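Step one of this worksheet: look at the structure below.
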Amino acid sequence: MQTKDFATTVLSWQKQHGRHDLPWQQPATPYRVLVSEIMLQQTQVTTVIPYFQRWMDTFPTLETLAQASEDEVMALWQGLGYYSRARNLRKAAQYLVQEFNGKFPNNLDELLSIPGVGPYTAGAIRSFAFNDYGPIVDGNVKRFFCRLFGIEGDTTRSAVNKQLWNKAADLTPSHNNRHFAQGLLDIGATLCTPANPDCARCPFRSQCFAYKHNMQKELPTPKAKKKVPVRKSHFLLQRSGHSIQLEKRPQPGIWAALWCLPELSEAPASAQLAAEFEHTFSHFKMRASIWSLSQSEQVAEEAPHNPQCWVEQADVADYGLPSPIKKVLPKLWEQD
DNA sequence: CAGACGTGGGT
DNA sequence: TACCCAAGTCT
């Protein structure tokens, strides 16, 4: 298929059936595109929308973000996951203000030098913000291309990945990139879905390898699934009046830079079990116990390596907490 | 290269 | 329920 034919079909479909009312599309300024693309990494559109709105209300410009504290940023990002994105987004704003005088570069190499911006996001910024040639390969495009062209094999393998990027580079037009990129994503997100793709409405049906060979379920090649290990975690509940003790999580590691109950290396000798929870991450399952010490034992703690603080119940919302911790907090406040 | 890195929606 | 996996990047 020729580049022009492919692009023409995508653009035509996009105009009629694509998404035109996503919050970050109007207006698609470089800053708004950057924020949305970082938020959308491995995260669904419906989850991102309220976070994006709150973010823009709080940090309307690159400069306001560059001046924000890490804690402010983490508090706004709490619940969205992959928190390095939030730390990097703040660094990105500072970097762009310092090194580029707050004006976004539009070439690939300089975009790739921005913290948290990889090949996909760099291409997305070029396409969405500058309407320039900017090939993108994300999960949607991978799925669409693997089916359309009959590309087999684990898409995380470098050879397969390279093949997909070469396809994208070839098929991406030199005009109308904003609508082309959106069309590519929308075809993947609304037609060429992981389960039960809507082939009947697909403009590429007649050329699709997977449709022709009835291999929609086999393509893209499913990843080998690994089972996640279980790790035991212990947290310390210390209360004083209406306040609770929090500790800033170290970096690197899970929940880095969030505030959390202090984590212990093992269960305390004489302590009361205040609560338990299980939380499954992408790569392990946490089985957590929360321990409260009696009044007399409360001071007996080693010098903390991480910042600690006491927070009033009413002020907890100002702190970025891990989701399962935030969920268990009401149960903890009820206790004596 | 393989693993770390979160959470919630959809089936 | 359990499992897949989402507009990926960094180390």
Side-chain angles (χ1 to χ4, degrees), chain A residues 18-19 22-25 28 32-52 74 77-89 91-92 111-129 134-144 154-162 164-165 168 178 181-190 192-196 217 220 222-229 231 249 251-258 260 278-286 320-327:
Chain A
R19 294 177 289 190
L22 295 168
W24 39 88
Q25 293 177 315
R32 289 164 61 86
V33 169
L34 173 68
V35 171
S36 62
E37 289 303 334
I38 299 296
M39 286 187 171
L40 286 160
Q41 289 171 6
Q42 300 292 285
T43 311
Q44 296 183 342
V45 167
T46 52
T47 303
V48 165
I49 287 175
Y51 281 89
F52 180 80
M74 300 312 287
W77 201 276
Q78 67 173 312
L80 201 51
Y82 284 155
Y83 297 96
S84 66
R85 295 183 296 173
R87 300 191 303 274
N88 281 334
L89 189 49
K91 285 183 199 162
L111 287 170
L112 287 170
S113 73
I114 300 171
V117 173
Y120 165 78
T121 304
I125 292 172
R126 280 182 56 78
S127 288
F128 291 128
I136 51 169
V137 175
D138 74 328
N140 291 301
V141 177
K142 283 182 177 178
R143 188 169 56 251
F144 176 36
D154 183 349
T155 59
T156 63
R157 277 180 45 216
S158 65
V160 177
N161 190 49
K162 189 171 182 180
L164 290 162
W165 275 97
R178 178 172 294 147
Q182 190 63 53
L184 220 45
L185 297 181
D186 288 354
I187 287 172
T190 67
C192 200
T193 49
N196 308 314
K217 283 189 173 64
K223 302 168 194 167
K225 49 192 164 192
K226 57 206 168 189
K227 56 178 181 181
V228 298
R231 297 187 208 162
R249 302 271 309 177
Q251 199 181 150
I254 199 76
W255 296 335
L258 291 180
C260 186
E278 276 194 358
H279 186 73
T280 303
F281 298 88
S282 42
H283 52 304
F284 71 96
K285 178 187 279 194
M286 173 185 285
L321 303 183
S323 278
I325 298 293
K326 195 175 178 180
K327 283 174 188 158

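Naming convention: chains lettered A, B, ... in sequence-line order (proteins, then strands); numbering from 1 in each chain. On a predicted model such as this, the values are computed, not experimentally measured, just so you know.
- Looking at heavy-atom distances under 4.0 Å, A/Leu22 makes contact with a base.
- The separation of B/dC5 from C/dA6, taken at their C1' atoms, amounts to 14 Å, rounded to a whole angstrom.
- No engagement by A/Gly188 is indicated, since no non-hydrogen atom pair under 4.0 Å with the nucleic acid exists.
- Using a 4.0 Å heavy-atom cutoff across all strands shown, A/Ser323 reaches sugar-phosphate atoms only and no base atom.
- Below the 3.5 angstrom threshold, one finds a donor paired with an acceptor across the side chain of A/Thr43 and the base of B/dG6.
- Residue contacts for A/Pro119: at a heavy-atom cut-off of 4.0 Å it reaches the sugar-phosphate backbone alone, with no base atom in range.
- Here A/Trp24 and A/Phe52 bring their ring centres to under 6.0 angstrom of each other.
- For the P atoms, the distance linking C/dA7 with B/dT11 amounts to 14 Å, nearest Å.
- Nucleic acid contact for A/Trp24: base, since at least one base atom lies under 4.0 Å from a heavy atom of the residue.
- Backbone-only contact: A/Arg143 has heavy atoms under 4.0 Å from sugar-phosphate atoms and none from a base.
- Across all strands, A/Lys225 comes closer than 4.0 Å only to sugar-phosphate atoms, never to a base (heavy-atom distances).
- Looking at heavy-atom distances under 4.0 Å, A/Pro252 makes no contact with the nucleic acid at all.
- Among the protein residues, A/Gln251 comes within range of no part of the nucleic acid, since none of its heavy atoms lies under 4.0 Å from any strand.
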